[in-house]
Amino acid sequence: MGGGPGANPARRDGCSEPYPAVSRIRVLERSVAERIAAGEVVERPASVVKELIENSLDAGTTSVTVEVEGAGLHLIRVLDDGEGIAAGDVPLALQRFATSKISHIEDLDGVRSYGFRGEALASIAAVARVTMVTRTADAGRATRAVVTGGEPERVEAHGAPQGTMLEVRTLFYNTPARLKFLKSPAREQALIADVVQRAAMAAPKVAVRLVFDGREAIRWPPAEPGQRVADVLSGGKPDGLVSVTARVPAGTIRGWLVRPEGSRPTRAGQYLFVNGRPIQSAMLRRAVEQGYAQLIPVGRFPVFAVFLDVEPGQVDVNVHPRKAEVRFSDESRLFGAVARAVREALLASPLVRQVAPTDMAAPFAGVSAPPAAGAVSLVLEAREAAGTYAVGSATRLPALRPIGQLLRTYILAEGPDGLYLVDQHAAHERVLYERLLAARHRGDVTSQGLAIPAAVDLTPAQMTLLVGHNDQLRLLGFDVEPFGAHTALVRALPTLIPNGAPAALLLLALAALNGEEEGAGGDPLERLTIATACHTAIRAGDPLRPAEIDALLADLAATEDPYTCFHGRPTVIAVSGATLERWFLRS
Ligand code: ADP
Ligand code: MG
């Protein structure tokens with residue numbers, strides 16, 4: 001039960017500090033209150049749910065139930081079994097700037113509780129009809145208080161178990177303007193579910209239940225952090241997640257990453273926590289996305305829950321009225337460390353896609369995460385100590401025995417655990433891209449002079465690009481120079497391109513430099529590298545001789561990331577022997 005120090009399950013996971021069992025509520029001194037980021041806490045029903053759940057977690061509850069009716073406008077009821085509020089403190093709890101969590105401004109730096117401004121209950125009570133029933137462990141009876149429009153109507157004794165029940169009815173009844181800014185009921189309900197899920201991941205030891213209009217939407221028992229993340233992100237199956245643990249400047253990160261094929265068209269599946277608190281941080285989000293770079297298609301977004309724990313002095317949680325945004329002291333080092341940790345963990349996990357055996361009618365239609373591969377845990381500290389970032393052998397393609405070519409597009413091969421299908425174009429793209437990149441980094445891209453320089457007509461815009469980017473073209477092995485106002489002379493091409501058509505290749509390179517390519521991200525040189533590899537790669541439809549198949553598989557096995565092409569499409573798909581058995585109804 002809630003109460004004593006260390007008895008607070010909400011605090012145990014996000015951070016190790018015991019949460020002091022201060023339960024006396026005080027009105028903050030004006031000077032303290034004014035230095036806390038002020039602002040409207042109650043924007044929409046989901047904000048009410050967030051504040052009430054956080055209060056329950058701060059009170060050390062072991063379970064929290066959220067009941068919602070009419071998308072939160074008719075009723076929001078949050079029930080916990082936490083430490084409760086002493087009868088004499090009930091009127092104070094509903095007053096602005098009344099809090100039991102801090103009393104001095106210095107306390108703000110070490111704040112570990114979700115709340116600390118003493119503002120939420122008062123703000124909610126100002127725009128709704130609020131009923132509170134609460135009882136501490138040592139009280140003989142519970143206290144019941146009803147507040148409408150900020151004024152306590154009744155405070156009376158009541159029968160109830162230990163804990164607190166907060167009921168918020170007719171939200172925004174006296175602020176019709178606020179109602180106009182709400183989205184559709186379905187959308188508001190989704191925002192409520194999101195808030196509940198975030199809190200559930202921040203406090204996995206707490207049982208969570210969410211009920212919409214009498215229908216149970218969530219019921220999660222207390223769980224380990226990874227299991228709770230899986231409840232939210234992958235239908236309860238932790239196998240679909242890659243876990244990451246790493247040391248970062250002034251702290252550690254722990255995260256669970258949905259495999260690249262689980263990417264979504266929006267950022268809705270991205271969850272970040274700092275010191276146990278759900279937060280937004282464009283910097284951290286980009287760092288994690290950077291770790292997924294080129295593993296997922298352009299325009300799609302990775303799904304993850306990442307928990308950062310840093311010394312309280314390294315992070316400022318008090319920059320946002322709803323404490324939803326944070327600031328870090330050393331952002332660029334943190335960015336690099338997070339991106340690298342995520343990348344390493346993803347590359348170290350088996351990224352071969354497995355065909356799911358679920359859809360018997362169209363077995364090749366569904367592609368999903370490997371069912372039994374297991375989450376790969378990666379502890380970077382050991383590697384850091386060893387001074388190496390070499391990617392483990394788990395990333396390598398297993399030894400494959402080629403069977404042949406299918407539809408002149410795919411290579412079929414037998415691997416240790418079943419059938420492998422390799423997309424010949426995507427695989428060759430990956431091979432060429434890594435080769436070009438390596439040569440570029442070594443500064444030894446070789447070029448092949450043309451017997452007869454090729455003259456290519458250019459528009460004025462193309463000519464400007466050529467002149468502006470000639471150094472980059474040279475870096476990749478192109479030797480091109482302007483020849484008069486409208487023509488370029490191609491003297492040499494990258495050796496990698498066996499017999500490319502000079503004109504087509506130059507126009508493609510210029511388009512890439514200009515960012516016209518599909519998914520044009522990265523710097524111009526990166527785009528040029530990608531365009532060159534793509535143009536040069538074996539195409540779908542090209543027949544391949546057995547020796548060419550052998551060479552391609554060997555080259556692919558030698559790449560750093562054999563499982564995806566740089567457009568984020570898979571290069572390899574595996575169908576396990578067990579899946580084949582199920583398809584043939586042998587098991
Ligand atoms: P804050 O959380 O910032 O302190 P609130 O207005 O949310 O401010 O709550 C005011 C006070 O009421 C809290 O400091 C806490 O002492 C008490 N309180 C609110 N909700 C609960 C709860 N569910 N269980 C126990 N105490 C609560
Ligand atoms: Mg609060």
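The CD1 atom of Ile411 sits 8.5 Å away from atom CG of Leu556, with the distance rounded to the nearest 0.5 Å. Note that CH2 of Trp256 and CZ of Arg228 are 12.0 Å apart. Values are rounded to the nearest 0.5 Å. Atom CG of residue Leu489 and atom CG of residue Leu450 lie 10.0 Å apart, to the nearest 0.5 angstrom. One finds the OG atom of Ser576 at 8.5 Å from the CD atom of Glu581 (value rounded to the nearest 0.5 Å). Atom CZ of Arg44 and atom CZ of Arg187 lie 8.0 Å apart (nearest 0.5 Å). Atom-to-atom distance recorded for Leu419:CG and Leu400:CG is 10.0 Å, nearest 0.5 angstrom.
Side chain of Arg343 to backbone of Ala293: a donor-acceptor contact under 3.5 angstrom is found. Judged by distance alone, the side chain of Asn470 and the main-chain N or O of Val480 form a donor-acceptor pair under 3.5 Å. At least one donor-acceptor pair under 3.5 Å links the side chain of Thr571 to the backbone N or O of Pro562. Put simply, the side chain of Arg491 never gets that close to the backbone of Pro453: no donor and acceptor are under 3.5 Å apart. For Thr579 (side chain) and Val575 (main-chain N/O), no donor-acceptor pair under 3.5 Å exists by modelled atom type. Listed for the Thr266 side chain is a donor-acceptor partner under 3.5 Å among the backbone atoms of Ala268. Under a 3.5 Å cut-off, the side chain of Asp542 and the backbone N or O of Arg539 do form a donor-acceptor pair. Put simply, the side chain of Gln227 never gets that close to the backbone of Glu224: no donor and acceptor are under 3.5 Å apart.
Under the 4.5 Å side-chain criterion, counting only non-hydrogen atoms from C-beta, Cys534 is in contact with His425. Using a 4.5 Å heavy-atom cutoff, the side chains of Asp550 and Pro402 are in contact. The shortest side-chain heavy-atom distance between Thr532 and Leu508 does not fall under the 4.5 Å cut-off. The shortest distance between side-chain heavy atoms of Leu458 and Thr487 does not fall below 4.5 Å. Side-chain contact between Gln197 and Asp194: present, with at least one pair of heavy atoms (C-beta onward) separated by less than 4.5 Å. The shortest distance between side-chain heavy atoms of Val229 and Phe304 does not fall below 4.5 Å. Under the 4.5 Å side-chain criterion, counting only non-hydrogen atoms from C-beta, Ser447 is not in contact with Phe478. Within the 4.5 Å cutoff, side-chain heavy atoms of Thr252 are placed close to those of Arg247.
Applying the side chain to side chain donor-acceptor pair (under 3.5 Å) criterion to Thr529, with sequence neighbours excluded, gives Arg440.
Looking at Leu513, Leu510, Val456 one by one, the single match for side-chain contact (heavy atoms from CB on, under 4.5 Å) with Leu466 turns out to be Leu510.
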Can you check side-chain contact (heavy atoms from CB on, under 4.5 Å) on Asp457 and His486, steps first, answer last? CA-CA 6 Å; Asp457 287 341; His486 310 290; 5.5 Å; no
Under the side-chain contact (heavy atoms from CB on, under 4.5 Å) rule, what do Gln462 and Thr459 come out as? Steps first, then yes or no, please. CA-CA 5 Å; Gln462 287 169 329; Thr459 65; 3.3 Å; yes
Assess the residue pair Leu552 and Ile538 against the criterion (side-chain contact (heavy atoms from CB on, under 4.5 Å)); give the C-alpha distance rounded to whole Å, side-chain angles, the decisive distance to 0.1 Å, and a yes or no. CA-CA 10 Å; Leu552 182 53; Ile538 298 166; 4.2 Å; yes
Given side-chain contact (heavy atoms from CB on, under 4.5 Å), test Leu308 with Asn275 step by step and report yes or no. CA-CA 6 Å; Leu308 177 65; Asn275 293 347; over 6 Å; no
Just do the side-chain hydrogen bond (donor to acceptor under 3.5 Å, both in side chains) check on Gln424 and His428 with the steps written out, would you? CA-CA 6 Å; Gln424 64 190 41; His428 199 213; over 6 Å; no
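Considering every non-hydrogen atom in both Glu548 and Pro543, the closest pair reads OE1-O, 4.1 Å. Closest heavy-atom contact between Val242 and Ala345: CG1-O, 3.5 Å. Nearest heavy-atom pair across Leu432 and Ala533 is CD1-O, 3.7 Å. Ala427 and Val422 get closest at one heavy-atom pair: CB-CG1, 3.6 Å. When all heavy atoms of Ser281 and Leu272 are compared, the pair lying nearest together is O-CD1, 3.7 Å. Minimum heavy-atom separation, Pro302 to Ile296: CD-CD1, 3.4 Å.
Glu434 and Arg430 are joined by a salt bridge, as a carboxylate oxygen and a charged side-chain nitrogen come within less than 4.0 angstrom of each other. Ion pairing between Glu414 and Arg401 holds under the 4.0 Å rule for side-chain N and carboxylate O. Between Arg333 and Asp330, at least one side-chain N (NZ, or NE/NH1/NH2) sits under 4.0 Å from a carboxylate O, which counts as a salt bridge. The pair Arg474-Asp479 meets the salt-bridge criterion, with a side-chain N (NZ, NE, NH1 or NH2) lying under 4.0 Å from an Asp/Glu carboxylate O. Ion pairing between Arg286 and Glu289 fails under the 4.0 Å rule for side-chain N and carboxylate O.
Residue pairs that meet the ring pair (Phe, Tyr, Trp, His ring centres under 6.0 Å) test with at least one member in residues 262-287, sequence neighbours left out, are Phe273-Phe307.
For Arg267, the CZ atom counts as densely surrounded, since its 6.0 Å shell holds more than 12 non-hydrogen atoms of other residues, nucleotides or ligands. Within a 6.0 Å sphere centred on OH of Tyr410, other residues, nucleotides and ligands contribute 12 heavy atoms or fewer.
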